[in-house]
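Every heavy atom of this structure was used, including side-chain atoms; hydrogens, water molecules and symmetry mates were not. Counting starts at 1 for both ligands and their atoms, following the listed order.
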Amino acid sequence: MIMAPTPQGIAEACRLLKEGQVVGMPTETVYGLAADATQDHAVARIFEVKNRPTFNPLIIHVASAQEATAVVEISLEAQALMEIFWPGPLTLVLNRKSDCPVSWLAGGGLDTLAVRCPAHPVAGRLIRAYGRPLAAPSANRSMKISPTSAEDVLESLGDQVPLIMDGGRCEVGLESTILDLSGEAPVLLRPGSILSEALEAIIGTVYPFKKVSSGASSVKAPGMMHRHYAPHRPLRLNAMERHPGEALLGFGAAGSLPVILNLSETGNLTEAAANLFQMMRQLDKDFYTGIAVMPIPFTGLGVAINDRLQRAAALEEEG
Ligand code: TXA
Ligand code: MG
């Protein structure tokens with residue numbers, strides 16, 4: 001359903017977000033599919049609705065630079081750029097704060113987070129009214145073009161999204177510029193309407209993004225701008241037993257198997273997705289020699305879960 005951004009509309013959106021549901025949110029770039037960034041289950045719903053075959057990290061939308069300080073470490077460069085370009089179509093990748101409340105699934109399990117403060121007044125009103133950051137990728141099904149009106153969202157995802165806030169047509173129509181400030185030098189990960197030159201005028205040299213390649217085995221996918229999370233310990237998939245020293249991560253009924261944690265005892269894939277990164281991080285400890293994961297079916301969100309596990313296992317083999 002499309003609703004006007006009246007006080008009642010905003011209140012209804014907040015009610016749904018609190019329940020862990022997804023809501024269509026207008027921004028100045030494209031419409032986003034928003035969920036409470038601090039609820040793992042709500043974030044899992046985003047991936048389910050978008051039908052994404054992998055768990056890319058999502059952009060965390062905040063109402064102000066002040067609100068960003070609760071989730072990421074703000075460097076001097078970041079502060080300077082926020083003062084000039086926020087609110088607006090500039091996303092900054094920064095290091096997560098140690099007490100960051102954002103779901104590990106939203107951040108793809110990484111130690112960095114992409115944050116942005118949208119300039120669209122309805123987005124601003126919604127995030128402020130909700131009082132927590134919202135994770136939001138573009139509100140289209142995977143591989144489809146990004147929506148720039150509430151009707152586009154309705155057409156693409158309407159049957160899955162209980163509420164779309166109407167904010168008219170998006171002014172920019174192109175996804176935000178993404179700048180990575182988490183490394184030694186600033187790197188432009190995605191070009192957008194805020195140009196590299198404009199950023200350089202404030203912080204000096206900005207490097208173009210080059211896919212990192214370390215020989216034939218490097219993972220290269222089109223549009224892949226982020227590193228993937230992988231535990232430090234070896235990961236063994238489709239495990240039906242525990243080898244000595246391993247931590248066994250369960251899925252579904254584990255019977256007498258000595259599982260330490262279970263992604264979902266009832267075999268619920270949404271719950272498993274919500275728990276995935278957080279549980280892998282919990283088991284990635286010195287006193288285990290490796291992490292063994294029970295089989296996960298390749299249906300629904302199971303495709304994305306297996307994709308992440310396989311990538312993590314492959315990265316480990318590559319060293
Ligand atoms: O304009 C926009 O940015 C729109 C509106 C809705 O705000 N959002 C958007 O989100 O385009 P999405 O999920 O479609 O694209 C987010 C991109 C992904 O390609 C992801 O790789 C990158 O941001 N990203 C997110 N977190 C990252 C991180 N920690 N490091 C590197 N890249 C990251
Ligand atoms: Mg997108």
Side-chain angles (χ1 to χ4, degrees), residues 22-35 37 43 46-47 49-63 71-73 78 85-97 100 102-120 122-124 126-127 133-150 152-153 156-157 161 164-165 167 170-183 186-194 209 211-212 219 221-229 277 304 308:
V22 293
V23 165
M25 170 175 75
T27 83
E28 74 280 27
T29 58
V30 300
Y31 273 70
L33 184 64
V43 175
I46 292 179
F47 290 102
V49 168
K50 277 199 65 130
N51 205 6
R52 266 196 183 170
T54 91
F55 293 130
N56 287 342
L58 306 174
I59 295 177
I60 307 306
H61 295 68
V62 294
V71 295
V72 284
E73 302 285 355
F85 296 106
W86 278 19
L90 175 65
T91 296
L92 299 175
V93 174
L94 297 163
N95 289 314
R96 259 180 99 105
K97 282 193 94 163
C100 175
V102 170
S103 143
W104 283 107
L105 180 62
L110 299 170
D111 293 319
T112 56
L113 275 181
V115 288
R116 124 167 168 84
C117 177
H120 196 295
V122 175
L126 179 60
I127 305 166
L134 299 179
S138 49
N140 51 295
R141 245 174 253 278
S142 203
M143 310 304 279
K144 296 277 157 57
I145 58 162
S146 297
T148 52
S149 73
D152 287 351
V153 183
S156 171
L157 299 171
V161 180
I164 302 157
M165 287 271 96
C170 301
E171 245 171 63
V172 180
L174 180 69
E175 276 105 337
S176 62
T177 301
I178 305 182
L179 182 71
D180 187 353
L181 291 176
S182 69
V187 177
L188 188 76
L189 296 183
R190 181 170 75 183
S193 62
I194 293 180
F209 173 67
K211 293 190 182 90
V212 188
V219 192
M224 197 192 88
M225 312 178 293
H226 49 270
R227 299 173 60 84
H228 290 290
Y229 166 73
F277 291 114
R308 265 302 171 265

pair [X]-[Y]: side-chain heavy atoms closer than 4.5 Å:
X    : Y    : value
P133 : V71  : yes
R96  : W104 : yes
S193 : P89  : yes
F209 : D180 : no
V30  : N140 : no

E73 atom CD, over 12 foreign heavy atoms within 6.0 Å |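 Yes, the 6.0 Å shell around CD holds more than 12 heavy atoms from other groups.
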Pull out every atom of ligand 1 sitting under 4.0 Å from any heavy atom of [X], numbered as shown with elements.
X    : value
L189 : 31 (C), 32 (N)
S176 : 1 (O), 2 (C), 3 (O)
R116 : 1 (O), 2 (C), 3 (O), 5 (C), 7 (O)

So, is T27 polar-close to ligand 1, with some N/O to N/O distance under 3.5 Å?
->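 Looking only at distances, the answer is no, because the N/O contact criterion of under 3.5 Å is not met.
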Check whether any N or O atom of T112, backbone or side chain, sits under 3.5 Å from an N or O atom of ligand 1, and answer yes or no.
->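 The answer is yes, given that T112 and ligand 1 share an N or O pair closer than 3.5 Å.
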Which part of I178 is near ligand 1, with near meaning a heavy atom under 4.0 Å away: side chain, backbone, both or neither?
->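 Side chain only; the backbone of I178 stays clear of ligand 1.
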Side chain, backbone, both or neither: the part of R190 lying under 4.0 Å from ligand 1 by heavy atom |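 Only the side chain of R190 comes within reach of ligand 1.
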In this structure, does ligand 1 have an atom that sits under 4.0 Å from one of the heavy atoms of [X]?
X    : result
H61  : yes
P89  : no
I59  : yes
A136 : yes
R52  : yes

Is there an N/O/S atom in S138 that lies less than 2.8 Å from the Mg ion (ligand 2)?
->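 Under 2.8 Å: S138 contacts the Mg ion (ligand 2) through an N, O or S atom.
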Considering only NZ, NE, NH1 and NH2 on the basic side and carboxylate oxygens on the acidic side, decide whether R116 and E28 come within less than 4.0 Å.
->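 Salt bridge: yes.
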Please answer whether the main-chain N or O of R308 pairs with a side-chain N or O of Y229 as donor and acceptor at a distance below 3.5 Å.
->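 Pair absent, no side-chain N/O of Y229 close to backbone of R308.
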Without swapping roles, check the side chain of H61 against the backbone of I127 for a donor-acceptor pair under 3.5 Å.
->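 Judged by distance alone, no pair lies under 3.5 Å.
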Taking atom 13 (O) of ligand 1 as the point of reference, which of G109, P26, P137 owns the nearest heavy atom?
->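 Ranked by closest heavy atom to atom 13 (O) of ligand 1, first place is P137.
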